[in-house]
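Let me begin by presenting the structure, written as structure tokens, before commenting on it.
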Protein chains: 2
Amino acid sequence: MNDLANAPDLVSDSDEPKTLAETAYRQLRRDIIEGVHRPGDKLRVEHLKDQYEVGAGTLREALQLLVTDALVVAQGQRGFRVAPMSLDDFADITRTRVLLETSALQQSIELGDDAWEASVVAAFHMLSRAEDKLGDGSKASREEWEMRNRAFHEALIGACPSRWIRHFQNILYHQSERYRRLSLFRQPIPRDVHAEHQAIVDAALARNSAEASRILSEHILRTLEAVRQLPADFIN
Amino acid sequence: MNDLANAPDLVSDSDEPKTLAETAYRQLRRDIIEGVHRPGDKLRVEHLKDQYEVGAGTLREALQLLVTDALVVAQGQRGFRVAPMSLDDFADITRTRVLLETSALQQSIELGDDAWEASVVAAFHMLSRAEDKLGDGSKASREEWEMRNRAFHEALIGACPSRWIRHFQNILYHQSERYRRLSLFRQPIPRDVHAEHQAIVDAALARNSAEASRILSEHILRTLEAVRQLPADFIN
DNA sequence: TCAATAACTTTTCTCGAGATTTTTGTCTAT
DNA sequence: ATAGACAAAAATCTCGAGAAAAGTTATTGA
């Protein structure tokens, strides 16, 4: 139909940072997702420029990039703040993710070729291996699992030709990461995620679009439930 | 359910520009949508800073804001360019818009109260009046119609509580504006748009979610067909 | 004639200082 | 004691110049 699948991303994310601003942007993004800068915190340029070792203008640019990801909000003439978090917001993020990701998955199942099937199987395998090593509870293994989990979800919708859906999906994934981090903190991988992933793979390879969407939906929504059951004051 | 409907937008767009950078941003955005800067054009800071009468750093910031809207693409260390246009891209935009806007409409129909109904009727009335004045073919009347058309679509999904859907919807609307401009150029409001809008309003007020979505889908997709039938070299 | 290198020009990126605006703190008057 | 106004402090926003990179043209050798 169209060949957008191989077109460059709307916002380059994969390749190396070529500029100081982008380097600071990535460090800041990680720090926000990790909770170093907490929701609602004011991000003062004068303080942060020393911390991240760049000029004021450069840091400003990094903050602007974070506005694109909606991890930072800018209020004209009143500086920058870390985007607030709330249960309602996470519910919104999750539902929107379900809407986009199921649609992308359906298109993937419809259009995906052998190479797509192979990449899904491969990503699932990588993820399964990471699950095995998750027992030690180390931070490294958990981060590895995070990365591969993300790679798996990306592989699933990899054959979806819509650059826009993938772009929005990307933004939402970063957002959820902030929340999922909370749920992992208390109950490290509680439910049987492996079986859920396996079921999605099976349905996808069987080209059973409706079934795959249904399972994926429940899979994503379950994370919402996990966060909902956290102590109320966990999100502030 | 949740009270996000009245929460501030992810990216403030309604209120007045409080900073020079934001002013330049709006001017630039309009110029890109209007085609003053053409797709693929290089946006050289040194030239543009004089044209828009701001400093280099300030213009840089304005360009960064446009990256958020995906109207400008930044290539690290190689400056900024106007985002390219293509038929495939517009098809992608349109389909994604349909996905988001029908979902938002369904939620609106489900949750909307009397005030929502009133705002839909009001926006429809405003739009109809603008259609009457469209006969003179003046630029002013066409711009008025554009604004009210947008207001109408926004009113329809106004009761959708998802800030994220509305945010993405917003970005996509700006994108389509660039393309719709082309179709208006040749065939000024060709099809019977009024009847389509009327049908959507009727179905929405009757709380007929499925029917309203179906009509809205076709309504949006028709614009895609209109652009498809333009001379091939119109998009370059 | 063509390819590779080198010098030059253009453009982007980065920084620190000055001008505005917001915020904080203090003081006075009711 | 509270509210308002004034003053001081902090932070943001803006600008122009200098450093680094990319792009362009000229030159040289085979």
Side-chain angles (χ1 to χ4, degrees), chain A residues 8 10-13 15-29 31-32 36-68 70-84, chain B residues 8 10-13 15-29 31-32 36-68 70-84:
Chain A
L10 259 46
V11 178
S12 62
D13 195 37
D15 37 305
E16 291 301 297
K18 283 295 177 194
T19 163
L20 276 189
E22 199 160 343
T23 306
Y25 156 68
R26 300 209 180 184
Q27 291 177 0
L28 261 166
R29 183 174 70 181
D31 285 349
I32 289 175
V36 177
H37 304 293
R38 302 184 57 187
D41 273 4
K42 203 146 194 331
L43 295 169
R44 292 183 189 79
V45 177
E46 295 300 311
H47 294 174
L48 267 51
K49 83 191 181 90
D50 301 325
Q51 187 173 342
Y52 291 92
E53 297 176 325
V54 291
T58 303
L59 186 76
R60 214 178 154 60
E61 212 162 289
L63 287 171
Q64 209 65 255
L65 286 173
L66 284 164
V67 173
T68 301
L71 286 169
V72 164
V73 290
Q75 339 173 39
Q77 211 77 290
R78 264 187 278 174
F80 300 88
R81 281 181 178 284
V82 178
Chain B
L10 259 46
V11 178
S12 62
D13 194 38
D15 38 308
E16 290 301 296
K18 282 296 177 195
T19 162
L20 275 190
E22 200 161 341
T23 307
Y25 156 69
R26 299 209 181 184
Q27 292 176 0
L28 262 166
R29 184 175 68 182
D31 286 349
I32 288 175
V36 177
H37 304 294
R38 302 182 59 186
D41 273 4
K42 204 148 195 330
L43 294 169
R44 293 184 188 78
V45 176
E46 294 300 310
H47 294 176
L48 266 51
K49 81 191 183 88
D50 301 325
Q51 188 172 340
Y52 291 92
E53 295 177 326
V54 292
T58 304
L59 187 75
R60 216 177 153 62
E61 214 163 287
L63 287 171
Q64 210 65 255
L65 285 172
L66 284 163
V67 173
T68 302
L71 286 169
V72 164
V73 291
Q75 324 162 261
Q77 212 77 285
R78 266 187 274 171
F80 299 88
R81 282 181 178 283
V82 178

Would you mind reading off the distance between L20(A) atom CG and dT12(C) atom P, rounded to a whole angstrom? 17 Å
How would you label the contact of A56(B) with the nucleic acid (heavy atoms, under 4.0 Å): base, sugar-phosphate, or nothing? nothing
Checking contacts here: which listed nucleotide (dT14(C), dC15(D), dC15(C)) is nearest the side-chain heavy atoms of V54(A)? dC15(C)
Base, sugar-phosphate or nothing for L43(A)? Non-hydrogen atoms, less than 4.0 Å. sugar-phosphate
Let me know the distance between CD of E46(B) and P of dC15(D), rounded to the nearest Å. 14 Å
Distance in angstrom units between D50(A) CG and dC15(C) P, rounded: 12 Å
Write down the distance between CG (L48(A)) and P (dA10(D)), rounded to a whole number of angstrom. 18 Å
Which nucleotide in dT12(C), dC15(D), dT14(C) has an atom nearest any side-chain atom of V45(B): dT12(C)
Spacing of K49(B) atom NZ relative to dC13(C) atom P, expressed in whole Å: 15 Å
Is it true that, when you exclude Q51(B) itself, more than 12 heavy atoms of the residues, nucleotides or ligands shown sit nearer than 6.0 Å to its CD? yes
Given that G57(A) and K42(B) both sit by DNA chain C, which one's nearest nucleotide is further toward the 5' end? K42(B)
If I take atom CG in residue L59(B) and atom C1' in nucleotide dG16(D), what distance separates them, rounded to the nearest angstrom? 14 Å
Check the phosphate of dC13(C) against R60(B), side-chain N and O only, distance under 4.0 Å to OP1 or OP2. Yes or no? yes
Sugar-phosphate, base or nothing in reach of L63(B), heavy atoms under 4.0 Å: nothing
Does a side-chain N or O from T19(B) land closer than 4.0 Å to OP1 or OP2 of dT14(D), or not? yes
Between the CG atom in L43(A) and the CG atom in L28(A), the distance rounded to the nearest 0.5 Å is 7.0 Å
Between dT12(D) (P) and E61(B) (CD): distance, integer Å: 12 Å
So, is H47(A) close to the dA11(D) phosphate, meaning a side-chain N or O under 4.0 Å from OP1 or OP2? yes
Between L20(A) and E61(A), is there a side-chain heavy-atom distance shorter than 4.5 Å? no
Phosphate-side-chain proximity, R44(A) and dA11(D), N/O vs OP1/OP2 below 4.0 Å: yes
With heavy atoms under 4.0 Å as the rule, sort Q77(B) into base, sugar-phosphate or nothing. sugar-phosphate
Is the shortest side-chain heavy-atom distance between V67(B) and F80(B) below 4.5 Å? yes
Could you pull out the closest heavy-atom pair between Q64(A) and L65(B), with the gap in Å? OE1-CD2, 3.3 Å
Distance in angstrom units between Q64(B) CD and dT14(C) C1', rounded: 14 Å
